[in-house]
Amino acid sequence: MSGHSKWHNIQGRKNAQDAKRGKIFQKISRELFMAAKQGGSDPNNNPALRLVMDKARAANMPKDNVKRALDKADGGDATRYDEVTYEGYGPAGIAVLVQALTDNKNRTSSSVRVAITRHGGTMAGAGAVSYMFDRRGMFVIDREDLDVDEDQMFEAVLEAGAEDLETTDDEFTVYTDPKDFTAVRDALEAQGFKFTTSELTMVPQNTVPVPPEKLETMQNMIDALEDDDDVQNVYTSAEWPDED
């Protein structure tokens, strides 16, 4: 019975991971559709689409999924998605920035409000917290099987024209000015680096430590927001404790 129980637990985790992966693909498909609708389905002539396709590749999204999203845009699908940003505060006054692509603003606004307020947060007006974040290009490089130390990586980043490098035991994170995103990406790829994440993101100027008693609540808020089909990105100023 213990063996069966162990398998059940493993299968449960796999199903949860598959569901999360499917939701990520669904969100990227919506971004692909939007980008292709607005600028055409040729990534060579549509920088916005090229960016989303890079994101799809970094997420290991199947090529068939990408093709379906582009075919949908080319096929005259009349669906329209609006880009909407919601701002608020989580527990302990932590800034929360939510970006959504939605075909029903009322539905999305209500869902975001519920996710934030049910977890001890409050909604805020436009511009209340967005000024606390900087838009930056970000590339994450897995260090496993990578024969490059921090000094060598720093030289590679400088040569590529990036602005900043953060290092952990598991990965390198490279930041750059958004206008230099494409040039830095191409330069790093030319040096042979592969990305687990390649995207434009919002980085908080300052972080706020999450109180120990609010860790679970804050994580549950983020999970509830990210679980919404309309929500594309969730950014916060949360500073999480180091894992032991």
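The figures here come from the full heavy-atom set of this structure, side chains too, leaving out hydrogens, waters and symmetry mates. Since this is a predicted model, take the numbers as computed values, not measurements.
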Heavy-atom neighbours of E216 CD exceed 12 at 6.0 Å: no

Parallel, tilted or perpendicular: ring planes of F181 versus F139, cut at 30 and 60 degrees: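 F181 vs F139 ring planes: parallel.
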
Residue list, side chain to side chain donor-acceptor pair (under 3.5 Å) with D103, at least two apart or on another chain: R107

Which residues share a side chain to side chain donor-acceptor pair (under 3.5 Å) with T102, sequence neighbours left out: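 Scan of T102 (side chain to side chain donor-acceptor pair (under 3.5 Å), adjacent residues dropped) gives T108.
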
Any salt bridge linking [X] with [Y]? Criterion: basic side-chain nitrogen under 4.0 Å from a carboxylate oxygen.
| X | Y | result |
| --- | --- | --- |
| R30 | D230 | yes |
| R68 | D71 | no |
| D82 | R80 | yes |
| E226 | K23 | no |
| E189 | R57 | yes |
| D177 | K179 | yes |

Full working for side chain to side chain contact (heavy atoms under 4.5 Å, CB included) between V52 and I28: CA-CA 7 Å; V52 184; I28 295 175; 4.1 Å; yes

Donor-acceptor side-chain pairing of D54 and S198 below 3.5 angstrom: no

Chi angles and distances behind the side chain to side chain contact (heavy atoms under 4.5 Å, CB included) call for V210, E239: CA-CA 6 Å; V210 183; E239 180 182 319; 5.8 Å; no

